[in-house]
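This is the structure, below, for whatever I ask next.
FYI, side chains are in, hydrogens and waters are out, and symmetry mates aren't considered; it's all heavy atoms of this structure. So you know, we letter chains A, B, ... as the sequences are listed, proteins then strands, and number each from 1.
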Protein chains: 2
Amino acid sequence: MLSKKTQYAFKALTYLAEQEKDLPVLIAEISKKKKIPLKFLENILLELRKAGMLESKKGKGGGYFLKQDPTKIPLSKVMRLIEGPIALLPCVSLNFYKKCKDCDEKNCGLNHVMIEVRDNMLQILENKTVADLTGK
Amino acid sequence: MLSKKTQYAFKALTYLAEQEKDLPVLIAEISKKKKIPLKFLENILLELRKAGMLESKKGKGGGYFLKQDPTKIPLSKVMRLIEGPIALLPCVSLNFYKKCKDCDEKNCGLNHVMIEVRDNMLQILENKTVADLTGK
DNA sequence: CGTATTGCGTTTTCTTAGATAGCATGATTT
DNA sequence: AAATCATGCTATCTAAGAAAACGCAATACG
């Protein structure tokens, strides 16, 4: 299951993608509309900004807005950033690989199955983008 | 990612499936061979027994052994028992469904994508069984 | 300047994973 | 029946991580 944090990230990005381009939106507005705890959301948006997906503007008329085109942000990117690995096992992760202690991967049935699962998940998550989440 | 507990469950089941049928195996042996903390493994095996996958025998010559044929134990069943939901969101889970507070599922893009992901995962996890994990 | 807004480190709270301990219970052997 | 082997069960501990809240600094704008 995805953590609440990741779920919030998706909701916030969706909301921003539905707004007018380059129009700063208050954290408080997103928080209210999407029922996300304000301070928690603050951290999430900051992470997304640091990763280059969002831009922010301080002061009056400030807020957050998308830096990248929503069609250019695959869901897998958001997941890896906020959630971590997409794969179900470390020994099967492309971006967060960690070797299995006690199994020879070539001969590990579990490894093979989980690679298959991973590939199936990625095939969707790499191709669907934030733009696909909006009601537009 | 799967919890250690679920990973251990898979390893233990795999080990048992590789043994001679109906031959009790000591918890200690599984623990040693698969490098699983003994007492933790005890709990896991107990859960699997209660779920009807394993049988146990006390006393000398006792131990655990498979009750069901490994080809009859889909990986999804183990995951749901030990890990919980397979789906990435509660509002998309078949066995652990929980309604989303603030979204109308019919019009929620995230919901739709995650249903697709779930179905792709299940297509594999429902069809692969413990027997597919063994080196046999 | 003054106000609005994000930036960000810190702290708190809560939950869960993971691991530990100990005694009860049942089966087998002698 | 006694000794021994092995699981059954429950209670508890610790650490880590998720979720959320706090307070103030920094910045931008008018």
Side-chain angles (χ1 to χ4, degrees), chain A residues 1-12 16 22-32 34-67 79 81-85 88-90 96 101, chain B residues 1-12 16 19 22-32 34-67 79 81-85 88-90 96 98 101:
Chain A
M1 296 264 295
L2 297 181
S3 65
K4 278 251 188 286
K5 194 173 178 183
T6 306
Q7 297 180 37
Y8 290 158
F10 278 131
K11 298 235 169 183
L16 288 173
D22 296 341
L23 178 73
V25 179
L26 294 185
I27 298 180
E29 179 183 336
I30 305 173
S31 162
K32 196 176 165 190
K34 292 292 187 175
K35 306 254 169 63
I36 304 172
L38 184 71
K39 282 297 190 175
F40 198 22
L41 177 59
E42 224 176 71
N43 293 327
I44 295 167
L45 294 177
L46 200 56
E47 272 191 69
L48 294 173
R49 183 181 68 91
K50 283 179 180 167
M53 293 178 205
L54 299 183
E55 195 53 85
S56 69
K57 219 179 132 185
K58 289 184 179 181
K60 195 163 194 173
Y64 273 96
F65 51 97
L66 284 180
K67 185 177 186 183
M79 276 189 61
L81 182 69
I82 307 290
E83 183 80 17
L88 297 184
L89 296 178
F96 300 83
K101 272 190 224 107
Chain B
M1 297 265 294
L2 297 182
S3 66
K4 279 255 188 287
K5 194 173 178 184
T6 306
Q7 297 181 37
Y8 289 157
F10 278 131
K11 299 236 169 182
L16 288 173
Q19 307 309 307
D22 295 342
L23 179 73
V25 178
L26 294 186
I27 297 180
E29 179 183 337
I30 306 174
S31 162
K32 197 177 167 190
K34 293 292 188 175
K35 305 255 170 63
I36 304 172
L38 184 71
K39 280 297 193 174
F40 199 21
L41 177 59
E42 218 177 77
N43 291 327
I44 295 167
L45 294 178
L46 198 56
E47 273 191 69
L48 294 173
R49 184 181 67 90
K50 282 179 180 167
M53 294 177 206
L54 299 183
E55 195 53 84
S56 70
K57 213 179 136 186
K58 288 186 179 180
K60 195 160 196 174
Y64 274 95
F65 52 97
L66 285 180
K67 185 175 186 184
M79 278 189 59
L81 182 69
I82 307 291
E83 183 81 17
L88 297 182
L89 297 178
F96 299 83
K98 262 193 79 176
K101 269 190 226 110

Handout entry: B:L89 backbone acceptor or donor facing A:Q7 side chain under 3.5 Å
Key =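 Checking the backbone N and O of B:L89 against the side chain of A:Q7, no donor-acceptor pair under 3.5 Å is found.
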
Practice task
Can you tell me the distance, in whole Å, between the CG atom of B:N43 and the C1' atom of C:dT16?
Solution key: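 Going from B:N43 (CG) to C:dT16 (C1'), I get 15 Å.
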
Problem - Test item: A:E42 side-chain N/O and A:I27 main-chain N/O as donor-acceptor pair under 3.5 Å - result: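 Not at all, since once roles are kept as given, no pair shorter than 3.5 Å links the two residues.
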
Handout entry: Of residues 47-56 of chain B, the positions that come close to DNA chain D - non-hydrogen atoms, cut-off under 4.0 Å
Key =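 Those residues whose heavy atoms fall under 4.0 Å from DNA chain D, taken from residues 47-56 of chain B in numerical order, are B:R49, B:K50, B:S56.
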
Practice task
Send over the distance from A:I44 CD1 to D:dA20 P, rounded to a whole Å.
Solution key: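 From A:I44 CD1 to D:dA20 P: 9 Å.
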
Practice task
Look at all strands and tell whether B:L45 reaches a base, only sugar-phosphate, or nothing, counting heavy atoms closer than 4.0 Å.
Solution key: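 No contact.
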
Handout entry: Flag, side chain of B:S31 to backbone of B:I36, donor-acceptor distance under 3.5 Å
Key =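 Here the side-chain-to-backbone pair exists.
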
Exercise for the section: Determine: side-chain N/O of A:Y8 to OP1/OP2 of D:dA20, distance under 4.0 Å, yes or no. Expected result: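 The answer is yes; a side-chain N or O of A:Y8 sits under 4.0 Å from OP1 or OP2.
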
Exercise for the section: Could you grab the distance from atom CD of B:E47 to atom CG of B:L81, nearest 0.5 Å is fine? Expected result: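 Going from the CD atom of B:E47 to the CG atom of B:L81 covers 5.5 Å.
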
Handout entry: Separation of B:K11 NZ from B:L41 CG (nearest 0.5 Å)
Key =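 If we round to the nearest 0.5 Å, B:L41:CG and B:K11:NZ are 12.5 Å apart.
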
Exercise for the section: Tell me which of A:K39 and A:K58 sits closer to the 5' end of DNA chain D, going by the nucleotide each one is nearest to. Expected result: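 In this pair, the answer is A:K39.
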
Handout entry: Residues, nucleotides or ligands: over 12 heavy atoms within 6.0 Å of A:K34 NZ
Key =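 Yes, enclosed.
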
Exercise for the section: Would you classify B:L26 as touching base, sugar-phosphate or nothing, given that sugar-phosphate means primed atoms plus P, OP1 and OP2, and contacts are heavy atoms under 4.0 Å? Expected result: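 Touches sugar-phosphate only.
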
Exercise for the section: Identify which nucleotide among C:dG7, C:dA19, D:dT7 has an atom closest to any side-chain atom of B:F40, counting heavy atoms from C-beta outward. Expected result: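 Nearest listed nucleotide: C:dA19.
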
Problem - Whole-Å gap separating P (D:dT7) and CD (B:E42) - result: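 Checked: the CD to P distance equals 7 Å.
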
Exercise for the section: In whole angstrom, give the distance that lies between atom CD1 of B:I82 and atom C1' of C:dA17. Expected result: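 Value for this atom pair: 13 Å.
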
Problem - Side chain to side chain, A:L48 and A:Y64, heavy atoms closer than 4.5 Å - result: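 No, their side chains stay 4.5 Å or more apart.
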
Practice task
Ignoring backbone atoms, establish whether A:S3 has a side-chain N or O less than 4.0 Å from OP1 or OP2 of D:dA19.
Solution key: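 Yes, because at least one side-chain N or O of A:S3 sits under 4.0 Å from OP1 or OP2 of D:dA19.
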
Practice task
Could you check how far CG of B:L41 sits from P of D:dA6, rounded to whole Å?
Solution key: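 That distance rounds to 15 Å.
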
Practice task
Please work out if A:K4 contacts a base, only the sugar-phosphate, or nothing of the nucleic acid, heavy-atom cut-off 4.0 Å.
Solution key: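 Sugar-phosphate only.
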
Problem - Nucleotide C:dG18, atom P - distance to NZ of B:K35 in whole Å - result: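 After rounding, the gap between these two atoms is 18 Å.
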
Practice task
Test for a donor-acceptor pair under 3.5 Å between the base of D:dG17 and the side chain of A:K5, counting only N and O atoms.
Solution key: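 Counting by modelled atom types and ignoring angles, no donor-acceptor contact under 3.5 Å is found here.
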
Practice task
Pick base, sugar-phosphate or nothing for B:I27, based on heavy-atom distances below 4.0 Å to the nucleic acid.
Solution key: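 The answer is sugar-phosphate, as B:I27 gets under 4.0 Å only of primed atoms, P, OP1 or OP2.
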
Problem - Interatomic distance where CG belongs to A:L38 and C1' belongs to D:dA19 [whole Å] - result: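 These atoms are roughly 14 Å apart.
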
Practice task
Round to a whole Å and report the spacing from CE of B:M1 to P of C:dG18.
Solution key: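 Rounded to whole Å, this separation is 10 Å.
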
